[in-house]
Number of protein chains: 2
Amino acid sequence: MPGHQRHTRQRAAIAGVFEAQGGPLSALEVLKLARAKVPGMGTATVYRALAAMLEEGALTVVHLLGQAPRYELAGKGHHHHFCCRGCGRAFEIEGCAEGVQALAPAGFRVEGHDLVLTGLCPGCVGG
Amino acid sequence: MPGHQRHTRQRAAIAGVFEAQGGPLSALEVLKLARAKVPGMGTATVYRALAAMLEEGALTVVHLLGQAPRYELAGKGHHHHFCCRGCGRAFEIEGCAEGVQALAPAGFRVEGHDLVLTGLCPGCVGG
DNA sequence: ATCAATGCAAAGTCTTTGCAATAGG
DNA sequence: CCTATTGCAAAGACTTTGCATTGAT
């Protein structure tokens, strides 16, 4: 049975990290958190696990402006992100601007879009 | 006169590249194009020139999903980008989805937004 | 003559790949 | 057993930095 996935401590730890943390995580953040459960886990293991989970649709990539790619559990539906310039954290935003893809000039085939709002989150607005 | 900028062949070539090309360019794209005018130009020269131009406000950074940062001439007004998954190039898109910033939940102070459309450019749609 | 700017090469960060050893099913 | 997965270490891609030399003013 080719293409079969094996259940390993490392993969379990990585999956656990995503379930525990709500927000999108970078590869190295995942590595750091997963090492709490599986000390000595290799860097490549995380990248390979992320690639595999991405491939099978368990994760999706989130690109926040200028930051390393982040990953979050898939199946959350279409949403976007708010990136706080105060604390650097990312928040999910529900909803989506309709008709945004019509902005492309003729001749372009639009397949998707990403939107990132920037500013201050409630915690950083206050002080 | 500290902080003074000197006019060099390299800086001129780099500035020329941005004037000739419309879209946002990555550091290495700039290097490649600038080497047509100044053969043997060093990698570091481009990065230092970009940093200097950014500092003085001549350039702005554009972050497209998961790619290396790109730079374009400042003062173009509000616009967004289209990123082709075929050739990897970036294109400018005029216009902006109105009301997009209203998507943020109450309590968030929205200061800006970035929108990236993805798909295939006219050249890559054809084949 | 000064000193900003350059080119080279080394170092740094993040990510990918090669390979023998390990371990899941 | 069989082979996907792992850890290590080397290799890659992109960017930054150190330093002696070059060149603009």
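Residue numbers begin at 1 in each chain, while the letters A, B, ... track the order of the sequences.
The distance from atom CE of A:Met41 to atom P of D:dT6 is 9 Å, rounded to the nearest whole Å. Remark: P of C:dC8 and CZ of B:Arg35 are 8 Å apart, rounded to the nearest angstrom. Rounded to whole Å, atom P of D:dA4 lies 15 Å from atom CD of A:Glu56. Going from atom NE2 of B:His4 over to atom P of D:dG23 covers 18 Å, rounded to whole Å. Note: NZ (A:Lys32) to C1' (C:dC14) measures 16 Å, nearest angstrom. Summarising the geometry, the separation between OH on A:Tyr71 and P on C:dC14 is reported as 13 Å, rounded to the nearest angstrom. Atoms CG (B:Leu31) and C1' (C:dG7) sit 12 Å apart, rounded to a whole Å.
Among the atoms of the strands shown, only primed sugar atoms or phosphate atoms (P, OP1, OP2) are found under 4.0 Å from some heavy atom of B:Ala27. Across all strands shown, B:Ala68 has heavy atoms under 4.0 Å from sugar-phosphate atoms exclusively, and none from any base.
Surrounding CZ of B:Arg89 are at most 12 heavy atoms belonging to other residues, nucleotides or ligands under 6.0 Å away. Summarising the local packing, CD of B:Glu94 is surrounded by 12 or fewer heavy atoms from other residues, nucleotides or ligands at distances under 6.0 Å.
Taking the side chain of A:Arg11 as heavy atoms from C-beta on, and the options D:dT5, D:dC14, D:dG7, the nearest nucleotide is D:dT5. Among the nucleotides D:dT17, D:dA24, D:dT15, the one closest to any side-chain atom of B:Arg48 is D:dT17. Counting only heavy atoms from C-beta on, B:Tyr47 has its side chain closest to D:dC14 among C:dT16, D:dA4, D:dC14. For A:Arg6, whose side chain is taken as the heavy atoms from C-beta onward, the closest listed nucleotide among D:dG7, D:dT3, D:dT15 is D:dT3.
Paired with B:His81 under the rule side-chain hydrogen bond (donor to acceptor under 3.5 Å, both in side chains), one option of B:His63, B:Glu92, B:Glu72 passes, and it is B:Glu72.
Interface remark: the A:Arg9 side chain does not form any donor-acceptor pair with the C:dG24 base, using a distance-only criterion of under 3.5 Å.
Regarding contacts with the backbone of C:dC14, every side-chain N or O of A:Thr43 stays at 4.0 angstrom or more from both OP1 and OP2. Contact check, A:Gln10 against D:dG7: a side-chain N or O comes under 4.0 Å of OP1 or OP2. Taking only side-chain nitrogens and oxygens, B:Thr8 never comes nearer than 4.0 Å to OP1 or OP2 of D:dA24.
Annotation: A:His78 is in aromatic contact with A:His113 [ring centroid separation under 6.0 Å].
Of the inter-residue distances, the one linking A:Leu59 atom CG with A:Leu73 atom CG reads 6.0 Å to the nearest 0.5 angstrom.
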